[in-house]
Amino acid sequence: MHIKWLMFDADNTLIDFTNASKLSFQQTFEDYGHTATPELYATYKVINHGVWTAFEQGKITAERLRIKRFEDFFAAINLSPTSPESFSKGYLENLISKSESYDGVKEMLVGLKPDYSMSIITNGLKEVQRPRLRKLDMTHYFDSIIVSDEIGFAKPDERYFEVAFNSIDNPPVRGNTLVIGDNLKSDILGGIRYGLKTCWLNTSGKANDTDIQPDFEIRDVLEVPGLLEKLK
């Protein structure tokens with residue numbers, strides 16, 4: 001097997017979304033004169049996960065997602081620092097400013113770029129994802145960037161991967177393309193359904209108790225170059 005094209009998920013694969021989200025949540029509460037306790041953030045995470053799952057299943061639109069997660073959250077905590085629309089806008093702006101790539105990621109991409117086509121495949125929102133990548137000076141590493149909110153389909157929808165696969169000139173065969181991501185249901189399942197090779201980034205080290213079986217599993221994204229060397 002000779003991999004020629006790398007499709008990287010962005011959040012919690014190349015970019016530390018977990019920390020950025022927490023900091024952005026706290027900052028947005030402060031912006032409206034409130035304090036975000038750990039308990040409030042824990043509640044938001046559960047609600048946000050449910051809303052994103054509904055989006056990835058095609059049950060709600062990205063436009064509705066932006067507002068619904070904060071509508072549901074404010075209802076759950078019986079507190080409204082501001083309107084869900086205003087809070088969402090502030091949160092997304094803070095998310096851009098608080099985002100950072102993981103240590104060593106840029107150096108890894110520099111090393112990979114001469115030998116591989118590379119793309120970002122992300123289910124993020126259009127007003128956030130590209131500005132974050134520009135802020136982090138990462139855009140130039142990639143031959144294409146596919147944002148679900150821009151095309152109307154989200155991973156694991158095969159239509160998303162159809163767009164992604166046609167995003168660069170003269171793409172290799174599907175079996176020479178590797179999807180790298182932390183989410184079994186969106187990244188790995190989507191890649192499998194489209195006939196791509198898959199690499200699950202399992203940073204927690206927890207056992208995979210699903211029937212979704214990636215071709216490869218790593219604990220740290222910086223293991224990707226070593227994996228590729230073994231596959232040559």
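In plain terms, the two heavy atoms of T177 and P172 that are nearest each other are OG1-CG, 3.7 Å. For C199 against L227, the heavy-atom pair with the smallest separation is SG-CD2, 3.8 Å. Annotation for N208 and Q213: closest pair ND2-NE2, 3.9 Å, computed over non-hydrogen atoms. Contact between S24 and A20 at its shortest, heavy atoms only, is OG-O, 2.6 Å. The heavy-atom pair separating I3 from Y116 by the smallest distance is O-CE2, 3.1 Å. Taking each heavy atom of R193 and P156 in turn, the nearest pair found is NH1-CG, 4.0 Å.
Atom-to-atom distance recorded for I120:CD1 and Y141:OH is 11.5 Å, nearest 0.5 angstrom. Interatomic distance, D157 CG to Q57 CD, rounded to the nearest 0.5 Å: 12.0 Å. Interatomic distance, D215 CG to T198 OG1, rounded to the nearest 0.5 Å: 4.0 Å. For the atom pair CG (L65) and OG (S88), the distance works out to 8.5 Å, reported to the nearest 0.5 Å. In this structure, the separation between CG on L79 and NE2 on H34 is 5.0 Å, given to the nearest 0.5 Å. Remark: L201 CG to R219 CZ distance equals 9.5 Å, nearest 0.5 Å.
With R66 as reference, E127 is the one residue of E85, E127, E71 to meet the salt bridge (Lys or Arg N to Asp or Glu O under 4.0 Å) rule.
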* Would R159 and E162 count as a salt bridge (charged side-chain N to carboxylate O under 4.0 Å, His left out) if you check the C-alpha gap in whole Å, the side-chain angles of each, and the deciding distance to 0.1 Å? -> CA-CA 5 Å; R159 293 171 294 179; E162 181 71 14; over 6 Å; no
* Taking it one step at a time, do L231 and K197 satisfy side-chain contact (heavy atoms from CB on, under 4.5 Å)? -> CA-CA 12 Å; L231 298 178; K197 296 300 181 183; over 6 Å; no
* V128/V147 under side-chain contact (heavy atoms from CB on, under 4.5 Å): CA gap, chis, key distance, verdict -> CA-CA 10 Å; V128 174; V147 182; over 6 Å; no
* Going through the distances and angles, do F87 and F74 end up as a ring pair (Phe, Tyr, Trp, His ring centres under 6.0 Å)? -> CA-CA 10 Å; F87 198 92; F74 291 163; 5.4 Å; yes
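Judged purely by atom type and a 3.5 angstrom limit, N123 uses its side chain to pair as donor or acceptor with the backbone of K155. At least one donor-acceptor pair closer than 3.5 Å links the side chain of N202 to the backbone N or O of K206. Between the side chain of R132 and the main chain of I96, no donor-acceptor pair closer than 3.5 Å is present. In this structure, D187 contributes its side chain and N183 its backbone to a donor-acceptor pair below 3.5 Å. Under the 3.5 Å distance criterion, the side-chain polar atoms of D143 are matched with a main-chain donor or acceptor of M118. Distance alone, capped at 3.5 Å, is enough to place a donor-acceptor pair between the K135 side chain and the S99 backbone.
Side-chain atoms of N94 and Q26 include no donor-acceptor pair closer than 3.5 Å. Side-chain N/O atoms of N19 and S21 include no donor and acceptor closer than 3.5 Å.
Here side chain to side chain donor-acceptor pair (under 3.5 Å) pairs that include residues 102-113, with residues two or more places apart or in two chains, are N12-Y102.
The aromatic ring centroids of Y91 and F70 lie less than 6.0 Å from each other.
Every residue was checked against the side-chain hydrogen bond (donor to acceptor under 3.5 Å, both in side chains) condition with T35, not counting sequence neighbours, and none meets it. In this view, Y32 satisfies the ring pair (Phe, Tyr, Trp, His ring centres under 6.0 Å) rule with no residue, not counting sequence neighbours. The ring pair (Phe, Tyr, Trp, His ring centres under 6.0 Å) test applied to F8 returns no partner, not counting sequence neighbours.
By the rule that hydrophobic residues join a cluster once side-chain heavy atoms approach within less than 4.5 Å of another member, L109 and L178 end up as members of one cluster. A continuous path of Ile, Leu, Val, Met, Phe, Trp and Tyr side chains, each step under 4.5 Å between heavy atoms, connects V110 with I180, placing both in one hydrophobic cluster. In the hydrophobic clustering of ILVMFWY residues, with side-chain heavy atoms under 4.5 Å counting as a link, I67 and I77 come out apart. Hydrophobic clustering (side-chain heavy atoms under 4.5 Å, transitive across Ile, Leu, Val, Met, Phe, Trp, Tyr) groups F25 together with F17. Linking Ile, Leu, Val, Met, Phe, Trp and Tyr residues whenever their side-chain heavy atoms come within less than 4.5 Å leaves F29 and V46 in two separate clusters.
Within the 4.5 Å cutoff, the side chain of K68 has heavy atoms near those of the D72 side chain. By the 4.5 Å heavy-atom criterion applied to side chains, Q129 and D149 are not counted as neighbours. In this structure the side chain of F55 never reaches within 4.5 angstrom of the side chain of R64, judged on heavy atoms. Contact of the Q27 side chain with the K98 side chain is registered, since non-hydrogen atoms from C-beta on lie closer than 4.5 Å. Between R69 and W52 the shortest side-chain heavy-atom distance falls below 4.5 Å. Using a 4.5 Å heavy-atom threshold, the side chains of L136 and L14 count as separate.
In the hydrophobic clustering, where aliphatic and aromatic side chains (Ile, Leu, Val, Met, Phe, Trp, Tyr) are joined below 4.5 Å either directly or transitively, W5 groups with M7, I121, I146, I151, F153, Y160, F161, V163, F165, I168, V179, Y194, L196. Cluster partners of I188 are L184, L189, I192, W200, I212, counting Ile, Leu, Val, Met, Phe, Trp and Tyr whose side-chain heavy atoms approach within less than 4.5 Å, directly or via other members.
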